[in-house]
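Residue numbers start from 1 in every chain, and the chains themselves are labelled A, B, ... in the order their sequence lines are given, proteins ahead of strands. No experiment lies behind these values; they were computed from the predicted model shown.
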There are 2 protein chains.
Amino acid sequence: MSATARPYHHGNLREALLAAGERALETTGAANLSLRELAREVGVSHAAPRRHFADRQALLDALALNGFERFGAQLDHALATAGEDFTTRILALARAYVGFATTRPALIELMFASKHQAGAPPELAQAADRAFAVALAVVVDGQAAGAVVPGDPERLAKIAFALLQGLVAIANNHMLDDQPLDALRDAAVERLLLGFAPR
Amino acid sequence: MSATARPYHHGNLREALLAAGERALETTGAANLSLRELAREVGVSHAAPRRHFADRQALLDALALNGFERFGAQLDHALATAGEDFTTRILALARAYVGFATTRPALIELMFASKHQAGAPPELAQAADRAFAVALAVVVDGQAAGAVVPGDPERLAKIAFALLQGLVAIANNHMLDDQPLDALRDAAVERLLLGFAPR
DNA sequence: ACCTGAACACCGTTCAAGT
DNA sequence: ACCTGAACACCGTTCAAGT
């Protein structure tokens, strides 16, 4: 696995560029990410990335897609290990969501920004839909268990999704002031569940 | 006020650049906004903006600050014309917030992104705080009226703020699917008020 | 099949010089 | 006080040529 000596063919250029790209994303931000800089870091000429990514946007799209895959896996894992109680499940989901998004602020922003760009690969929108489907399923389960009011589950899931996404925005934009994120997130879920509960 | 003939001194360069900048922001996005392009549009040399904005970021900061001022004014106006009923007031606030943010997607993103950048002018953070203070005041009023549970109003206001910011993110990232935004926003406020109400 | 090197058209930023 | 023009160091992208 050691690749200290680099012959003409890098052998692993695509993955190396993605790894360097994700580092650069969180340190300098998507706007300042430079393809030439990544090539330098990885030790190839500035034109070499072209073989693997048609342009800068293609590399950003690949980073976003990769992010969605890990994001979805983390949400699935949280639910799979969460037990059966509805409140516990939705708390587990919220913690996984907020945890992923606040440890990778630039990536989560890129993920949702790339998704709807003109010419974005359809896999991106599909991956985002799969992540949203997890939240939808939880709402449907909650309705079946009588813990959530009846009504369009898509709408209720979008409200829940908005709340989580907003908490992430507050945390990542440094608007928490002195609020600890964990307590704020759990309090938000508590209020949401009360608002979703039948009277 | 006509300035068709442009002598050596533009006379209004700062405002002209800001106006062109806000147009460019919404059409091409902050990442693709080019200072040289703005100078061309406005009819000055590429170095002229330097007199009014130290660098590209300074122009973006000025756009964000201007945005926060209009945003705050719109929120204030919505509350001033909203009557006294708590539910009505919070609905008016939500409509003003979501309305402003979804008609200027790139600006609202820039506003919250610029706010916490290293070296950002302190006026930005202050303007953001003033906008948040509006939401906080509504929560405090709701508690006084007995429509909102007691407890840290900062925390409750942040939850309300997160919900609105998340709705904006969903709308601006094209995740509404077939949900009409107005109905989703009003339903979200309804659920929030139920979750905030004393039992 | 994968990478290099030169070339092109763009940037942001700086600074002496012009009005 | 405000703006221009040349210059510099960077980009992303393209393409013939190398291995």
Side-chain angles (χ1 to χ4, degrees), chain A residues 3-25 27-64 106 110 113-114 117-121, chain B residues 3-25 27-64 106 110 113-114 117-121:
Chain A
T4 44
R6 288 253 178 59
Y8 193 86
H9 288 72
H10 183 283
N12 210 17
L13 184 51
R14 197 190 134 89
E15 277 66 32
L17 287 170
L18 286 174
E22 187 153 346
R23 266 197 311 276
L25 188 63
T27 53
T28 65
N32 298 327
L33 183 147
S34 155
L35 226 47
R36 286 177 102 115
E37 172 71 26
L38 296 186
R40 252 178 261 127
E41 278 179 36
V42 161
V44 294
S45 81
H46 66 264
R50 233 283 174 132
R51 232 356 91 173
H52 304 278
F53 303 102
D55 54 22
R56 203 185 95 107
Q57 188 57 51
L59 185 138
L60 292 175
D61 288 348
L63 287 174
L110 177 71
S114 294
Q117 301 274 324
Chain B
T4 46
R6 289 254 178 58
Y8 193 85
H9 289 71
H10 183 283
N12 211 18
L13 184 53
R14 197 191 133 90
E15 277 66 31
L17 286 169
L18 286 174
E22 188 153 346
R23 266 199 309 277
L25 188 64
T27 53
T28 64
N32 298 327
L33 183 147
S34 156
L35 226 48
R36 287 175 102 115
E37 171 72 25
L38 296 186
R40 252 177 260 126
E41 278 177 37
V42 162
V44 294
S45 82
H46 66 264
R50 234 282 174 129
R51 231 359 88 170
H52 304 278
F53 302 101
D55 54 20
R56 203 185 95 107
Q57 188 57 51
L59 185 138
L60 292 175
D61 287 347
L63 286 175
L110 176 72
S114 294
Q117 300 276 321

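- Contact between B:Ala62 and B:Phe53 at its shortest, heavy atoms only, is CB-CE2, 3.7 Å.
- A sub-4.0 Å separation between OP1 or OP2 of C:dC11 and a side-chain N or O of B:Arg40 is present.
- Rounded to whole angstrom, the span from the CZ atom of B:Arg56 across to the P atom of C:dC11 amounts to 11 Å.
- If you measure from atom CG of A:Leu13 to atom P of D:dT19, you get 19 Å, rounded to the nearest angstrom.
- Within the model, atoms CG of A:Leu33 and CG of A:Leu35 stand 7.5 Å from one another, a figure rounded to the nearest 0.5 Å.
- The separation between A:Asn12 atom CG and C:dC3 atom C1' is 15 Å, rounded to whole Å.
- B:His46 is linked by a side chain to side chain contact (heavy atoms under 4.5 Å, CB included) to B:Arg36, counting only residues two or more places apart in sequence or in another chain.
- The line from CG of B:Leu59 to CZ of B:Arg50 is 13.5 Å long, rounded to the nearest 0.5 Å.
- As a whole-Å value, the separation of B:Asn32 CG from C:dG12 P is 11 Å.
- At a threshold of 4.0 angstrom between heavy atoms, the contacts of B:Leu33 are confined to the sugar-phosphate backbone, with no base atom among them.
- Atom CG of A:Leu35 is separated from atom C1' of C:dC11 by 16 Å (rounded to the nearest Å).
- With sequence neighbours excluded, the residues satisfying side chain to side chain contact (heavy atoms under 4.5 Å, CB included) with B:Arg23 are B:Ala20, B:Glu41.
- Nearest nucleotide to the A:Arg36 side chain, out of C:dG12, D:dG12, D:dC3: D:dG12.
- By the salt bridge (charged side-chain N to carboxylate O under 4.0 Å, His left out) test, A:Arg40 is found to be paired with A:Glu37, residues two or more places apart in sequence or in another chain being considered.
- Summarising the geometry, the separation between CD on A:Glu37 and C1' on D:dC10 is reported as 11 Å, rounded to the nearest angstrom.
- Note that the CZ atom of B:Arg51 and the CG atom of B:Leu13 stand 11.0 Å from one another [nearest 0.5 Å].
- Residues forming a side chain to side chain contact (heavy atoms under 4.5 Å, CB included) with A:Asn32 (at least two apart in sequence, or on another chain): A:Thr28.
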Item to check | Nucleotide-level pairing of DNA chain C, given in dot-bracket where Watson-Crick and G-U pairs need both distances under 3.5 Å and | marks other strands | outcome: ||.|||||...|||||.||
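- With sequence neighbours left out, B:Gln57 forms a side chain to side chain contact (heavy atoms under 4.5 Å, CB included) with B:Asp55, B:Leu60, B:Asp61, B:Ser114.
- Regarding contacts with the backbone of D:dG12, a side-chain N or O of A:Ser34 is found under 4.0 angstrom from either OP1 or OP2.
- If you check residues 45-55 of chain B against DNA chain C, the residues with a heavy atom closer than 4.0 Å are B:His46, B:Ala47, B:Arg50, B:Asp55, listed by number.
- B:Gln57 has its CD atom 15 Å from the C1' atom of C:dT13, to the nearest Å.
- Computed from coordinates, the A:Leu59 CG to D:dG12 P distance equals 10 Å when rounded to whole Å.
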